[in-house]
Amino acid sequence: MPVSKCINCHYHTFSWIWEEAFDKFGFHDGGEQIETYEVAKALTGAGYEVKVDGWGMHNILVVSIKKDGQELIPYNDPNIKFGYTDGLACRDRGSGRLSAASRPVWW
């Protein structure tokens, strides 16, 4: 579980889970420190092309993960409702699946 330092006081720390970067209601529905960019940075560092975008006024989500031009978020899977389905399902059901070897250790 990642731990981040508070961006306001630079002293306190808090724990969070990576799935929040894919969840419309993650990071307390956008009401607390949003760490979506940390998830994107880790994925980019592992060789993935990542797109992050806002979800209205609520939150910032990872909306696309590509490897070699192939989209890995399973938008065409009827069992996945992006933004509402657990991020683990996106990880494990994608057509290209994020390989365990290249995923960040916390993924």
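All values derive from a computational prediction rather than experimental measurement. Just the heavy atoms: all of them, side chains too, but no hydrogens, waters or symmetry mates, feed the values below.
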Original post:
Going by heavy atoms in the side chains, are Glu49 and Thr44 under 4.5 Å from each other?
Top reply: no

**OP:** Determine whether Phe14 and Lys5 make a side-chain contact, defined as any pair of heavy atoms from C-beta on separated by less than 4.5 Å.
**Re:** no

**OP:** Answer yes or no: is there a side-chain heavy-atom contact under 4.5 Å between Val52 and Ile60?
**Re:** yes

Original post:
At their closest point, which heavy atom of Lys67 faces which heavy atom of Gly47, and how far apart are they?
Top reply: NZ-O, 3.2 Å

Original post:
So, does Asn59 use its side chain to make a donor-acceptor pair with the main chain of Gly26 at under 3.5 Å?
Top reply: yes

Original post:
Testing Phe22, Trp18, Phe27 for side chain to side chain contact (heavy atoms under 4.5 Å, CB included) with Thr36, which one passes?
Top reply: Phe27

**OP:** Any chance you could measure Ile7, atom CD1, to Ile34, atom CD1, to the nearest 0.5 Å?
**Re:** 9.0 Å

**OP:** Check whether any side-chain heavy atom of Leu43 lies under 4.5 Å from a side-chain heavy atom of Ile65, and answer yes or no.
**Re:** yes

Subject >> Distance-only side-chain donor-acceptor flag, Ser64 / Glu71, under 3.5 Å >> reply: yes

Original post:
Within the distance-only criterion (no hydrogens, no angle test), does the side chain of Glu20 pair as donor or acceptor with the backbone N or O of Ile17 below 3.5 angstrom?
Top reply: yes

Subject >> Any Lys66 side-chain heavy atom under 4.5 Å of Tyr48 side chain >> reply: no

Original post:
Taking it one step at a time, do Lys51 and Val62 satisfy side chain to side chain contact (heavy atoms under 4.5 Å, CB included)?
Top reply: CA-CA 6 Å; Lys51 182 179 176 188; Val62 171; over 6 Å; no

**OP:** Look only at the side chain of Lys24 and the backbone of Trp55, and say whether a donor-acceptor pair between them is shorter than 3.5 Å.
**Re:** no

Original post:
Which distance, rounded to the nearest 0.5 Å, do you find between the CG of Leu61 and the CG of Asp23?
Top reply: 7.0 Å

**OP:** Please identify each residue that fulfils side chain to side chain contact (heavy atoms under 4.5 Å, CB included) with Ser15, with sequence neighbours left out.
**Re:** Met1, Val3

Subject >> Point-to-point distance, once rounded to the nearest 0.5 Å, from CD of Glu38 to CD of Gln33 >> reply: 9.0 Å

